[in-house]
**Q** 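Sharing a structure, written as structure tokens. Questions coming.
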Amino acid sequence: MTQQDMTQQDVTQQDTTGPDAVRPGAGARSRVARQRSTAKSPTGKGPAGNKDRPRDEDLTVAMRLRDGVVKYGFVAVTVALFIYFAASEPSFSTGQSIFAMLKFASTTAILGLAMTFSMVVGGMDMSIGSQAGLAVQMGAMTMVFYNMTGSTAVIVVLLTGLLVGLLNAFLIVVCKIPDLLATLAMMFVIQGAKLIPVSGQSVSGGMVLQDGSVAPGKFTPGFLQIDRGMIGPIPIPVIIMLVLAIASWFFLSRTKWGRVMYAVGANPEAARLAGVRVGFYRGLAYVICAELAAVGGLILVSRIGQGDVNAGSSSLLEAVAVALVGTSVLGIGKPNAWGTILGALLVQIVLTGLTMKGFQYYHQDTAKGLVLLVALLFSYTVSRKRVRYTPAT
């Protein structure tokens, strides 16, 4: 008797003698058990003993109304605010104002997309704002200090973003530092490091350097077109925002890598047991996050036309806000690209409308906080579906 036959005989003996033995008629009994398990309970609200939420046909009117509010409420709020401001301020709904709103929302939206990638894997990149500020400084220094072209500045900024993303990934994946702590430390490191080469001064053309000489370079006209250029009636930042939104949506929703990232964020241990390289996908998310932050910084530096040392200081809170707002859009309950874009647009609609109505700048933070609060109420209080975002620890 061969070894394979002996093994098969042992398995057969175990199956016919053990406590879980498969006896004649067991297949029929298992089919009956499955039929019973799918039978309705006496209340008619699903399988007997099933504690899951009711099926669609068993939903009450109140439940259906509640789900409708969660799914479409945020979109309805956005549309209602737009209609209100358009009706009360005639200049609000002009084509020029709409494109201006989209243009100024582009930076926040792109940084929100960056935050979305870190949230998808269950983290949160606290260094988003400082990364954008570093991109501003690197772009300005490349052109002003070293008298290089705008295209060279773009390459330098993107490479710097890649380096920061790899460093964040190294700290989180290899050094096993929790996401929030690692990126918080990087935030302080970057904020201080970007000031050292410029002695805490903003970088601008014609500035006096530490050795007493005048900076030889300046911002090139081509580089400034990143923010100020137009393709037809559409500003270039709006086009960049839409391209990145489509690319992010496609990557997260239509590719294996994006679906695996969602799985890692939902349950990293289960993903690891399923054979997923959890560390690789977490690191990849932070690299993509840093690159998107660098793109946002490029638009920002071309907008202000100098290396402002305070650039990006408020971008972290805005990026977190719009990414969290995005989880409530259409009741999706998880970070997603289009939700983040809509969140950025809603915030910009509110800020533009309040500005036109004469509210001062110091009302803006309160308005942003209220928008975020309403979105969180939709996601965590009104919704019956559990939000698929677990903050990093």
Side-chain angles (χ1 to χ4, degrees), residues 109-132 134-135 158-187 190 243-272 274-297 315-316 319-327 332-341 343 387-393:
I110 292 171
L111 294 179
L113 288 175
M115 184 63 71
T116 299
F117 273 91
S118 66
M119 291 173 58
V120 164
V121 294
M124 186 172 285
D125 193 343
M126 303 298 290
S127 62
I128 283 284
S130 60
Q131 290 180 43
L134 179 62
L158 294 179
L159 289 177
T160 303
L162 176 62
L163 179 62
V164 173
L166 290 173
L167 185 55
N168 275 337
F170 176 80
L171 294 174
I172 294 168
V173 177
V174 179
C175 299
K176 300 187 184 305
I177 302 176
D179 305 56
L180 288 176
L181 300 181
T183 55
L184 184 64
M186 281 298 299
M187 179 186 74
I190 294 173
V243 169
L244 292 178
I246 294 172
S248 300
W249 164 79
F250 183 83
F251 181 88
L252 291 174
S253 303
R254 294 294 185 268
T255 68
K256 179 190 73 173
W257 301 283
R259 290 191 289 268
V260 171
M261 282 184 180
Y262 276 118
V264 169
N267 193 328
E269 183 61 21
R272 185 186 66 80
V276 174
R277 294 181 295 168
V278 173
F280 170 79
Y281 284 99
R282 291 181 69 198
L284 178 61
Y286 280 93
V287 171
I288 296 175
C289 176
E291 284 297 284
L292 288 173
V295 174
S315 299
L316 170 62
V320 172
V322 299
L324 286 174
V325 165
T327 62
I332 294 177
K334 62 182 180 181
N336 63 96
W338 291 120
T340 298
I341 296 298
V387 177
R388 289 182 57 193
Y389 166 60
T390 303
T393 57

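Nothing fancy with the numbering, it's 1 onward along the sequence. Atoms considered below: every heavy atom in the structure, side chains included; atoms not considered: hydrogens, waters and symmetry mates. All of these numbers come straight from a predicted model, not from anything done at the bench.
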**Q** Within this structure, what is the OG-CG distance for the pair S118 and L113, rounded to the nearest 0.5 Å?
**A**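 Between atom OG of S118 and atom CG of L113 there are 11.0 Å.
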
**Q** Once you measure the plane-to-plane angle for F117 and F251, does it fall in the parallel (<30°), tilted (30-60°) or perpendicular (>60°) bin?
**A** tilted

**Q** At their closest point, which heavy atom of C175 faces which heavy atom of L171, and how far apart are they?
**A** CB-O, 3.2 Å

**Q** Distance check, rounded to the nearest 0.5 Å: D125 atom CG versus L180 atom CG?
**A** 9.5 Å

**Q** Before you tell me yes or no, could you show the steps for L324 and M115 under side-chain contact (heavy atoms from CB on, under 4.5 Å), namely the whole-Å CA-CA distance, both residues' side-chain angles and the distance that decides it to 0.1 Å?
**A** CA-CA 9 Å; L324 286 174; M115 184 63 71; over 6 Å; no

**Q** Within the 4.5 Å heavy-atom criterion, are I246 and W338 side-chain neighbours or not?
**A**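 Side chain of I246 against side chain of W338, heavy atoms only: contact under 4.5 Å found.
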
**Q** State, to 0.1 Å, how close G112 and V322 come at their nearest heavy-atom pair, and which atoms those are.
**A**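 That closest heavy-atom pairing would be CA-CG2, 3.6 Å.
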
**Q** How close do A294 and A135 get, heavy atom to heavy atom, and via which atoms?
**A**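 So the minimum-distance heavy-atom pair works out to O-CB, 3.9 Å.
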
**Q** Passes side-chain contact (heavy atoms from CB on, under 4.5 Å), Y286 versus T183? Steps please.
**A** CA-CA 10 Å; Y286 280 93; T183 55; 4.0 Å; yes

**Q** Let me confirm one number: the CE-CG distance from M126 to L181, rounded to the nearest 0.5 Å.
**A** 10.0 Å

**Q** Kindly write out the residues that satisfy salt bridge (charged side-chain N to carboxylate O under 4.0 Å, His left out) with R272, not counting sequence neighbours, or none if the list is empty.
**A**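 With neighbours one apart ignored, the set is E269.
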
**Q** For residues Q131 and A293, report the shortest heavy-atom separation together with the two atoms involved.
**A**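 The answer is OE1-CB, 3.8 Å.
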
**Q** About how many Å separate CG of L166 and CG of L162, when rounded to the nearest 0.5 Å?
**A** 4.5 Å

**Q** Check for a donor-acceptor pair, side chain of S127 on one end and backbone N or O of S130 on the other, with a separation under 3.5 Å.
**A** no

**Q** Hey, could you give me the CE/OG1 distance between M119 and T116, rounded to the nearest 0.5 Å?
**A**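 Output value for this atom pair is 6.5 Å.
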
**Q** How about L284 and I288: do any of their side-chain heavy atoms sit closer than 4.5 Å?
**A** yes

**Q** Which heavy-atom pair separates A323 from T340 by the least distance, and what is that distance?
**A**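 What the structure gives for the nearest pair is CA-OG1, 3.9 Å.
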
**Q** For R259, enumerate each residue passing the side-chain hydrogen bond (donor to acceptor under 3.5 Å, both in side chains) test, keeping only those at least two apart in sequence or located in another chain.
**A**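 Partners of R259 by the side-chain hydrogen bond (donor to acceptor under 3.5 Å, both in side chains) criterion come out as none, since no residue qualifies.
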
**Q** Rounded to the nearest 0.5 Å, what separation is found between the CG atom of D179 and the CD1 atom of I172?
**A** 4.5 Å

**Q** Within the side chain of N336, is there an N or O that forms a donor-acceptor pair under 3.5 Å with the backbone of G326?
**A** yes

**Q** Please name the pair of heavy atoms, one in P335 and one in T327, separated by the smallest distance, quoted to 0.1 Å.
**A** N-CG2, 3.7 Å

